[in-house]
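In what follows, chains are A, B, ... by sequence order, proteins preceding strands, each numbered from 1.
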Number of protein chains: 2
Amino acid sequence: MPYAHDRVRAIVWHEDALELLDQRRLPGETDYQRLTTAAEVAQAIRDMVVRGAPAIGIAAAYGVVLAAKARHAENPNCWRILMVADLAQLAAARPTAVNLVWALRRMERVMAEAGGAPVERFLAEARAIHAEDLAANRRMGELGAALLGERGAVLTHCNTGSLATGGYGTALGVIRRGYEQGSIERVYADETRPWLQGARLTAWELVQDEIPVTLLADGAAAALLRQGEVRWAIVGADRVAANGDVANKIGTYHLAVAARYHGVKFMVVAPTSTMDMSIASGAEIPIEQRAAEELLTLGGQPVAAVGAEVWNPSFDITPAVLVDALVTERGVVLAPDAEKMARLMAEAG
Amino acid sequence: MPYAHDRVRAIVWHEDALELLDQRRLPGETDYQRLTTAAEVAQAIRDMVVRGAPAIGIAAAYGVVLAAKARHAENPNCWRILMVADLAQLAAARPTAVNLVWALRRMERVMAEAGGAPVERFLAEARAIHAEDLAANRRMGELGAALLGERGAVLTHCNTGSLATGGYGTALGVIRRGYEQGSIERVYADETRPWLQGARLTAWELVQDEIPVTLLADGAAAALLRQGEVRWAIVGADRVAANGDVANKIGTYHLAVAARYHGVKFMVVAPTSTMDMSIASGAEIPIEQRAAEELLTLGGQPVAAVGAEVWNPSFDITPAVLVDALVTERGVVLAPDAEKMARLMAEAG
């Protein structure tokens, strides 16, 4: 079966430029933005041309390559100092996904090591980050799918597929592998307001894979879970704290609460690049607030009365106690807590 | 303070026609549809020109007036038999809200009694249904607001205001009264996908009332409840079963689960015309499935990949066990169950 994750490439390095599939225009149009500066990459991350925690990290790494090229050309002696502003700009593009900072730290290490002609060294590291993410997704797909048990339906939220990662996907990687091995017969996808990643992106990926996908309004999830067909809710993460608390797309926590109420298992799939052992719990994770217009307008037209206020956090925190399984490329953590997380990351080191 | 419920009139009988504020075009445009036949009224209910359980019942009652007028003019001898098809058409317009059937039964009783010039008698009954609903809302506003306790924020779902009722509102009536008496300082409103009644209608009503209103995505509700500012979730109902199970707009059950998880009280506000003692539990309530297009398109444009399926129930069932208070015009039922419901309705009889 030809899988979309082999065809869809959201992040492409091509002839000294970063090409990003413009995810704001999917599924109607598949346009690539060609970016040649770190500032353009930071803007593309802010504007959600590219989104998904691992994909943001990879895009930022390529952004550092562009910065290194420009700064080295500008001044081969003090290019490192000139790059500091570029790194800061990339780091500030979006606050919640820790993969962004994680990827920039890896690129910073290259900065310290790289010699007289550093661009190729930066590019090699960005390519490595990209390739390792794809490999991690494949591994997580295997590990997560092995947990699924009896054949049934699953429910997912947001988009965690090829578009959100270096390829294949985190939660969607588990779903792809689970479908392939016969454990999953249907995928229910929350449309995921306000940005509709489920409707626009996840459905698009699954339709291309010929995996049966059924969209539902986010608020319909509890009624669906009550029917008993869904065996697992499977989601990605933007940051996991040292105690196993999970930041992910707004609505994830709502889904986790409903899953627990109905005895449906809740799986979080995220590479160790998403773990942030520097913060004790989810309470310390910065939550990005996005523009009120995401709720006040629809297709560019005003939808709500002038004068209505908006609360539009882009992410929420699911406490570890609601997570049945955290799947990483290093292994599965059942019922994560601080001790198990520390053990996982020590092994990872 | 001038209240919108005194200004907004969703259902108006004017010069032998039913005028319905077209709720599909709010808040951008305030257009009235002028309907002169029962078939047009049934179509308007189906198409959601008018929506909200009590409002549907009132509109259908006026539809019967139009049917009586036409059928009596057509044949003054057997107009009653001719009306049977009109009543059936109105009854079939939407399946979940029991107020529709309830109002038609009241109008049928008039059919049996009305003599040679029946139209005025039908009109008087429709006007009575309309006026009684407004009075019930005022009463429920008092009873519900008396439960609120300490000043704080509330969260509501869908639209239950002047637009959904004969005026003032069910859940929104409690909120109006609660704000007036100082118990409520802010109203959070789920945008309520897929039809966006919260964004389009509830925000519009509350902005006109100068009651602070903050919109949020339905999936953000659990994260909001976790913050502790919200003291009550307050919703309406489309049908309440004999055991206290509640059918209401899709997403209500999701909200009820999240409210219980966070220790936030859950209030359902509905007149006794919404009670259906003929069914033992919510499992027997027919749930309307609406068009896939509501999720597949946005502002008329396709938003999801061709090939994605859709699960789009318009309502869900909240079991009575999750309801802390059921507020009716006959009194408040705390933690409703079959016995308490029977007692309430016996008193009502």
Side-chain angles (χ1 to χ4, degrees), chain A residues 27-28 157 188-194 196 198-200 203-208 212-224 226 249-258 260-262 287 292 294-296 298-313 316-317, chain B residues 27-28 157 188-194 196 199-200 203-208 210 212-224 226 249-258 260-262 287 292 294-296 298-313 316-317:
Chain A
H157 190 73
Y188 286 94
D190 281 348
E191 60 170 1
T192 316
R193 283 285 292 159
L196 297 173
R200 298 194 307 104
W204 185 69
E205 289 200 42
L206 291 175
V207 163
Q208 287 183 72
V213 56
T214 300
L215 284 171
L216 65 156
D218 304 339
L224 175 68
R226 192 170 179 89
K249 181 54 52 194
I250 189 72
T252 301
Y253 172 53
H254 208 102
L255 180 56
V257 168
R260 178 58 53 90
Y261 186 79
H262 293 93
I287 299 293
E294 289 186 355
L295 290 170
L296 293 176
L298 203 69
Q301 298 302 310
V303 70
V306 175
E309 298 175 39
V310 168
W311 188 61
N312 187 23
D316 59 26
I317 306 294
Chain B
H157 190 74
Y188 287 94
D190 279 348
E191 61 170 2
T192 316
R193 284 284 293 160
L196 296 174
R200 298 195 309 103
W204 185 69
E205 289 200 42
L206 291 175
V207 163
Q208 288 182 72
E210 298 176 19
V213 55
T214 300
L215 284 170
L216 64 157
D218 304 339
L224 176 68
R226 192 169 178 87
K249 179 54 53 195
I250 189 70
T252 300
Y253 173 53
H254 209 102
L255 179 56
V257 168
R260 178 59 52 91
Y261 185 79
H262 293 93
I287 299 294
E294 290 186 354
L295 290 170
L296 293 176
L298 203 69
Q301 299 301 310
V303 70
V306 174
E309 297 175 41
V310 168
W311 188 61
N312 187 22
D316 58 26
I317 306 294

message: Does any backbone or side-chain atom of A/Leu196 lie under 4.5 Å from a heavy atom of chain B? Answer side chain, backbone, both or neither.
response: side chain

statement: Here the pair of heavy atoms bringing A/Leu255 nearest to B/His254 is N-NE2, 4.3 Å

task: Under 4.5 Å, counting heavy-atom pairs only, tell me which of A/Gly299, A/Gly28, A/Pro313, A/Ala199 racks up the most with chain B.
output: A/Ala199

field: Contacting region of A/Arg226 [heavy-atom separation from chain B under 4.5 Å]
entry: side chain

field: When A/Ile317, A/Leu224, A/Thr192 are compared by non-hydrogen pairs under 4.5 Å with chain B, the top option
entry: A/Leu224

Under 4.5 Å from any heavy atom of chain B - which part of A/Val303: both

query: With only heavy atoms counted, which part of A/His262 is less than 4.5 Å from chain B, the side chain, the backbone, both or neither?
result: side chain

field: Shortest non-hydrogen contact between B/Ala305 and A/Pro27, atoms and distance
entry: N-CG, 3.9 Å

message: Between B/Arg200, B/Lys249, B/Gln301, who has the most heavy-atom pairs with chain A when the cutoff is under 4.5 Å?
response: B/Arg200

query: Do you know which of A/Thr252, A/Asp218, A/Val257, A/Asp316 has the most heavy-atom pairs with chain B at a distance under 4.5 angstrom?
result: A/Val257

- prompt: Once you round to the nearest 0.5 Å, how far does CH2 of A/Trp311 lie from CG of B/Leu216?
  reply: 6.5 Å

query: In terms of heavy-atom pairs under 4.5 Å with chain B, which of A/Ala221, A/Gly307, A/Ala258 leads?
result: A/Ala221

task: Answer whether the closest heavy-atom distance between the side chains of B/Val306 and A/Val207 falls below 4.5 Å.
output: no

- prompt: Based on non-hydrogen pairs under 4.5 Å, which of B/Asp190, B/Val310, B/Asn312 is most in contact with chain A?
  reply: B/Val310

query: Could you give the distance from CD (A/Glu191) to CG (B/Leu296), rounded to the nearest 0.5 Å?
result: 10.0 Å

task: Give the ring-plane orientation class for A/Tyr253 versus B/Tyr261, where under 30° counts as parallel, over 60° as perpendicular and anything between as tilted.
output: perpendicular

- prompt: How close do B/Ala217 and A/Leu295 get, heavy atom to heavy atom, and via which atoms?
  reply: N-CD1, 3.9 Å

